[in-house]
**Student:** 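Please read through the structure below; I'll follow up with questions.
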Amino acid sequence: NTATGQFCWQTECSQARTQPYLVTFEVVDDGCPSKFINKNVEIYIEKFDPKDAPTGPTNVCQFSTNNYTILFPTAGAKYKWQIAGGVINGSDSGSTVNVTWGNGSVGSLTLAVRSRYNCPGPNTDLIVNLIKAPNTPQITGRDTVCLNGSSTFNASADAGTTFTWKVNKGTITAGGTTNSNSATVNWNSLGKGWISVFVTNNVGCPSTIDTHFVEVIFPDSANIVGPNSVCPNNDSIAYNVQNAKSGYVYNWVIAGGTLR
């Protein structure tokens, strides 16, 4: 014959240890005289030792927003995130977390884990390097240009950065690439235009944009005033520009005579 029974032990987190607990079971029959048998059983209560660890980018830009998740998650575990050097956006108790970093040089994320039975595991940390954005580049070049004319602009920037150029009211015809600190522009539209540039470091952190404004102009046609019929070899015939504009330079060209 077979006898069965059930043994229940509601263990506590603090009862975990490396040595076994010794439990003795005794079975007694109802014979006359009765018989009994004892059985010693070693029971181990294991400490909650999760492998859960935070994972995500560890070299990021200052003020950037990033997602972090859990490597080797434990089924049924409960989580609590803590941050230094930034802020957590939204929930701090999920299997993923969204954070925005500050302006320090180093930040960290700490993950606290509890089992489904609320036993705590060891906290794990993730150290994150916060990279400063490059300095703003500085564009130099002309601020007044002629329609359909070309001009070159240069930008000073931190070493090891790449460039992103943009232009309004013109077209970049030379330079202006990610590795070029200069750009040549053909201006093809009248009015107030601009050329801008920002730089990016090897982590992908962008600088602020520097914008250089340009006035694209085209001089009005000159209205020449003077006699249109003169005698041959007549000297000192005066011609002038009607309503000449201040700041304009006028170049005269003559055919059939000599300028004096």
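In this chain, numbering begins with 1 at the start of the sequence shown. Computed from a predicted structure; not experimentally measured.
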**Student:** What are the two closest heavy atoms between Trp165 and Phe153, and how far apart are they?
**Tutor:** CH2-O, 4.1 Å
**Student:** Please walk me through it: do Trp9 and Tyr21 pass ring-ring contact (aromatic ring centres under 6.0 Å, His included)?
**Tutor:** CA-CA 12 Å; Trp9 182 8; Tyr21 290 89; 5.1 Å; yes
**Student:** Could you work out, with ring-ring contact (aromatic ring centres under 6.0 Å, His included) as the rule, every residue matching Phe63, not counting sequence neighbours?
**Tutor:** none
**Student:** For Gly94 versus Ile70, what's the shortest heavy-atom pair and its separation?
**Tutor:** O-CD1, 4.3 Å
**Student:** Is there a donor-acceptor pair closer than 3.5 Å between any side-chain N or O of Thr161 and the backbone N or O of Asp158?
**Tutor:** yes
**Student:** Indicate yes or no: at least one non-hydrogen side-chain atom of Thr211 is less than 4.5 angstrom from one of Ile209.
**Tutor:** yes
**Student:** Would a distance-only check, ignoring hydrogens and angles, find a side-chain to backbone donor-acceptor pair under 3.5 Å from His212 to Val197?
**Tutor:** no
**Student:** Mind checking what makes side chain to side chain contact (heavy atoms under 4.5 Å, CB included) contact with Asn66, not counting sequence neighbours?
**Tutor:** Pro57, Val60, Ser64, Tyr68, Trp101
**Student:** Indicate, with yes or no, if Trp187 and Ile172 share a hydrophobic cluster defined by side-chain heavy-atom contacts under 4.5 Å among Ile, Leu, Val, Met, Phe, Trp and Tyr.
**Tutor:** yes
**Student:** For Thr208, enumerate each residue passing the side-chain hydrogen bond (donor to acceptor under 3.5 Å, both in side chains) test, keeping only those at least two apart in sequence or located in another chain.
**Tutor:** Thr136
**Student:** Looking at OG1 of Thr58 and CG of Leu109, how far apart are the two atoms once the value is rounded to the nearest 0.5 Å?
**Tutor:** 11.5 Å
**Student:** Carefully, step by step, assess Val113 and Leu111 under the rule side-chain contact (heavy atoms from CB on, under 4.5 Å).
**Tutor:** CA-CA 6 Å; Val113 187; Leu111 179 66; 4.0 Å; yes
**Student:** Under the criterion side-chain contact (heavy atoms from CB on, under 4.5 Å), which of Ile195, Thr152, Val214, Val216 is the partner of Val185?
**Tutor:** Ile195
**Student:** Sort and list the pairs that fulfil disulfide bond (SG atoms under 2.5 Å apart) and have at least one residue in residues 223-260, not counting sequence neighbours.
**Tutor:** none
**Student:** Do Thr171 and Asn188 have side chains that get closer than 4.5 Å, going by heavy atoms?
**Tutor:** yes
**Student:** Quick check against the 3.5 Å criterion: does Asn168 have a side-chain atom that pairs as donor or acceptor with the backbone of Gly193?
**Tutor:** no
**Student:** For the residue pair Ile131 and Asn201, establish whether any side-chain heavy-atom pair is separated by less than 4.5 Å.
**Tutor:** yes
**Student:** Kindly say whether Ser95 contributes a backbone atom to a donor-acceptor pair with the side chain of Trp81 at under 3.5 angstrom?
**Tutor:** no
**Student:** Quick one: list whatever passes side chain to side chain contact (heavy atoms under 4.5 Å, CB included) with Thr96, sequence neighbours left out.
**Tutor:** Thr69
**Student:** Within a reach of under 6.0 Å around CD of Gln82, are more than 12 heavy atoms found that belong to other residues, nucleotides or ligands?
**Tutor:** no
**Student:** For the residue pair Leu190 and Ile217, what are the closest heavy atoms and their distance?
**Tutor:** CD2-C, 3.6 Å
**Student:** I'd like to know whether Ser207 forms a side-chain contact (heavy atoms from CB on, under 4.5 Å) with Val199, so could you lay out the CA-CA distance, the side-chain angles of the two residues, the decisive distance to 0.1 Å, and finally the verdict.
**Tutor:** CA-CA 6 Å; Ser207 72; Val199 294; 3.6 Å; yes
**Student:** Going by disulfide bond (SG atoms under 2.5 Å apart), name the pairs with one or both residues in residues 50-120, residues two or more places apart or in two chains.
**Tutor:** Cys13-Cys119, Cys61-Cys205
**Student:** Roughly how far apart are Ile45 CD1 and Thr18 OG1, rounded to 0.5 Å?
**Tutor:** 12.0 Å
**Student:** Report the distance from atom OG1 of Thr140 to atom CD of Gln138, rounding to the nearest 0.5 Å.
**Tutor:** 9.5 Å
**Student:** Can you list everything that forms a side chain to side chain contact (heavy atoms under 4.5 Å, CB included) with Asn67? Sequence neighbours excluded, please.
**Tutor:** Asn98
**Student:** Checking Asp92 side chain against Lys80 main chain: does a donor-acceptor pair fall under 3.5 Å?
**Tutor:** no
**Student:** Side-chain donor-acceptor pair under 3.5 Å between Asn40 and Thr24, yes or no?
**Tutor:** yes
**Student:** When hydrophobic residues are tied together by side-chain contacts of less than 4.5 Å, even through go-betweens, does Tyr239 share a cluster with Ile254?
**Tutor:** yes
**Student:** Just verifying a value: how many Å separate Gln15 CD and Lys47 NZ, rounded to the nearest 0.5 Å?
**Tutor:** 15.0 Å
**Student:** I'd like to know if the side chain of Arg114 and the backbone of Tyr117 have a donor-acceptor N/O pair within less than 3.5 Å.
**Tutor:** no
**Student:** Give a yes or no answer on whether the side chain of Asp52 reaches the backbone of Thr74 with a donor-acceptor pair at less than 3.5 Å.
**Tutor:** yes
**Student:** Leu147 and Ser189: which non-hydrogen atoms are nearest, and at how many Å?
**Tutor:** CD1-N, 3.5 Å
**Student:** At what distance, to the nearest 0.5 angstrom, does CD of Glu42 lie from CD of Gln19?
**Tutor:** 9.0 Å
**Student:** Return the set of residues passing side chain to side chain contact (heavy atoms under 4.5 Å, CB included) with Ser93 (not counting sequence neighbours), or none when no residue passes.
**Tutor:** Ser91
**Student:** Could you work out, with side-chain hydrogen bond (donor to acceptor under 3.5 Å, both in side chains) as the rule, every residue matching Thr65, not counting sequence neighbours?
**Tutor:** Thr100
**Student:** Would a 4.5 Å heavy-atom cut-off, applied to side chains only, mark Pro50 and Pro73 as touching?
**Tutor:** no
**Student:** Is there any disulfide bond (SG atoms under 2.5 Å apart) pair reaching into residues 161-195, and which pairs are they, with sequence neighbours excluded?
**Tutor:** none
**Student:** Do you know which two heavy atoms are closest between Ser108 and Ile127, and how far apart they sit?
**Tutor:** CB-CD1, 3.8 Å
**Student:** What are the two closest non-hydrogen atoms of Phe36 and Glu26, and how far apart are they?
**Tutor:** CD1-OE2, 3.9 Å
**Student:** Verify the neighbour count for atom CG of Leu22: are there more than 12 heavy atoms of other residues, nucleotides or ligands below 6.0 Å?
**Tutor:** yes
**Student:** Do Leu130 and Ile88 share a hydrophobic cluster, counting only Ile, Leu, Val, Met, Phe, Trp and Tyr and linking them when any side-chain heavy atoms are less than 4.5 Å apart?
**Tutor:** yes
**Student:** Atom NZ of residue position Lys78 - does it have more than 12 heavy atoms of other residues, nucleotides or ligands inside 6.0 Å?
**Tutor:** yes
**Student:** Test your reading of the model: is there a side-chain donor-acceptor pair from Gln62 to the backbone of Gly104, 3.5 Å cut-off?
**Tutor:** yes
**Student:** Going hydrophobic residue to hydrophobic residue with side-chain gaps under 4.5 angstrom, can you get from Phe48 over to Ile43?
**Tutor:** no
**Student:** Check whether Trp194 reaches the backbone of Lys169 with its side chain - one donor and one acceptor, N or O, closer than 3.5 Å.
**Tutor:** no
**Student:** Only counting residues at least two apart or in another chain, list the ones meeting ring-ring contact (aromatic ring centres under 6.0 Å, His included) with Phe7.
**Tutor:** Phe25
**Student:** When rounded to the nearest 0.5 angstrom, what distance separates NZ in Lys192 from CG in Asp143?
**Tutor:** 9.0 Å
**Student:** In the single-linkage hydrophobic clustering (I, L, V, M, F, W, Y; side-chain heavy atoms under 4.5 Å), do Leu259 and Val241 co-cluster?
**Tutor:** yes
**Student:** Is it true that a side-chain atom of Asp210 and a backbone atom of Ile139 form a donor plus acceptor pair closer than 3.5 Å?
**Tutor:** yes
**Student:** What pairs with Trp252 under ring-ring contact (aromatic ring centres under 6.0 Å, His included), at least two apart in sequence or on another chain?
**Tutor:** none
